[in-house]
Amino acid sequence: MASEQQWKIPPIVQELAAGVQTPPSQYVVGEQDRPDLVAAVMPEPIPLVDLSRLSAASDDPYPDEVAKLRSALQSWGLFLAVGHGMESSFLAETMKVTKGFFKLPMEEKQKYSNRVNGREFKLEGYGNDIVVSENQTLDWCDRFYIIVEPESRTIHSLWPTQPPTFSDTLREFTARCREVVTLILANMAKLVGLHERYFVDMLDKDGVTYARLNYYPHCPEPDRVFGMKAHSDASVITVVLVDDTVSGLQVQGGDGVWYDVPIVPNALLVNVGDVIEIMSNGLLKSPVHRVVTNLERERLSVVMFYSMEPEKEIEPAPELVDEERPRRYRKTNTKDYIADLFETLARGTRAIDRVKI
Ligand SMILES: O=C(O)CCC(=O)C(=O)O
Ligand SMILES: [Fe+2]
């Protein structure tokens, strides 16, 4: 009975990487879609935006910094944030407990499995992404996915007790990222001519923040698999603490070319999510990005996805729709959009294309 659906429950990649010389066929991408391990160098480096120079109020004390943010968002849909107030030792600790979690014995990690009775997939927990089709190309990556905000939505039993400081560190990281996101969203709203609280109020106290800890083991054939397939994030906005020892993240430019996102120690990567692309009626674009693996080295990232309350509607701000710039996206709601996301991610398509007019 079990075997006909075995493809729905792929192995843990960490275990595969320890044993195989060749990635199993489910991980191997078609000839025409193979990764460039070294992608193009960005024609102009992504600006580093100093958040300590941005203001949530309507006056900007440092217009040059705002100009950098605008340019980064217009060209890439992402930027590297410095001046975020998080000490390098704290960021290092966040990475360390993340790595510590993935290095726990398998029985310990399986206590947080994203399988119900070892079978049915659920979003939160440790394991792989959902597999919706036998032909799905799988990512060379294990995840731990957990709701970190609001408190009322968190599931206490899912918070790991090992490493001992894991949960406190993730809670602190959540609180610090929230401050950063509030400031950035105010600035993004101002950039497109909306009231500074427009995006912040969309998240409000019921918005849900998901943390996804990604672990990409070393891979015997990095030129034939992806750590994570090309996608854009279904979030409002995403903040990523990236490994500062191994690169792997690539972003697609408007020209269709893939570029390596450079590593800047202690900077946080911030990218626009699909929801802001829709609400800004396309003025801000949610970047398509992917992750490549490494022959010898593992890589980690800690990703915070900010999302609206599930019943909330998503549509272009009426202020940004007029005759010259007609509405470019249909109305949807967060719950449906997120459901579409998992379906489209698995199929290698984009949820946002389903709502484009
Ligand atoms: O690992 C990374 O650098 C990015 C991961 C990512 O894009 C995601 O989790 O959505
Ligand atoms: Fe992403």
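Starting from 1, each residue takes its place in the sequence as its number. Order of listing sets the numbers, starting from 1, for every ligand and every atom in it.
Contact between Lys109 and Phe102 at its shortest, heavy atoms only, is NZ-O, 2.6 Å. Closest of all the heavy-atom pairs between Met308 and Ile314 is CE-CG1, 3.5 Å.
Ring pair Phe173/Phe90 is tilted by interplanar angle, where 30° to 60° counts as tilted.
With a 4.0 Å cut-off on non-hydrogen atoms, Asp233 touches ligand 1 through its side chain and not its backbone.
Annotation: cation-pi pair Arg224/Trp140 absent, no NZ/CZ under 6.0 Å from the ring centroid and within 45° of its normal.
When you scan the N, O or S atoms of Asp233 for the one nearest the Fe ion (ligand 2), you land on OD1.
Classification of Lys331 and Glu313 as a salt-bridged pair holds, one side-chain N sitting under 4.0 Å from a carboxylate O. Under the 4.0 Å criterion applied to side-chain N and carboxylate O atoms, Asp340 and Arg354 are assigned as salt-bridge partners.
Of the protein's non-hydrogen atoms, the one nearest atom 6 (C) of ligand 1 is Met228 SD, 3.5 Å. In this structure, atom 3 (O) of ligand 1 lies nearest to the protein heavy atom Arg299 NH2, 2.9 Å.
Judged purely by distance below 3.5 Å, without hydrogens or angles, the side chains of Ser235 and Asp233 never pair a donor atom with an acceptor atom.
Counting the atoms of ligand 1 from 1 in the order shown, those under 4.0 Å from a heavy atom of Val303 are 9 (O). Of all atoms in ligand 1, listed by their number and element, those nearer than 4.0 Å to a heavy atom of His289 are 7 (O). In summary, the atoms of ligand 1 found under 4.0 Å from a heavy atom of Asn214, numbered by their order in the structure, are 5 (C), 9 (O). Of all the atoms in ligand 1, the ones that sit under 4.0 Å from a non-hydrogen atom of Val242 are 3 (O). Ligand 1 places these atoms under 4.0 Å from at least one heavy atom of Val291: 1 (O), 2 (C), 4 (C).
Here the shortest heavy-atom distance to atom 9 (O) of ligand 1, taken over Arg212, Arg143, His231, belongs to Arg212.
Asn294 has its side chain within reach of Glu296: a pair of non-hydrogen atoms, C-beta onward, lies under 4.5 Å apart.
Residue contact check for ligand 1: Arg290 places no non-hydrogen atom closer than 4.0 Å to it.
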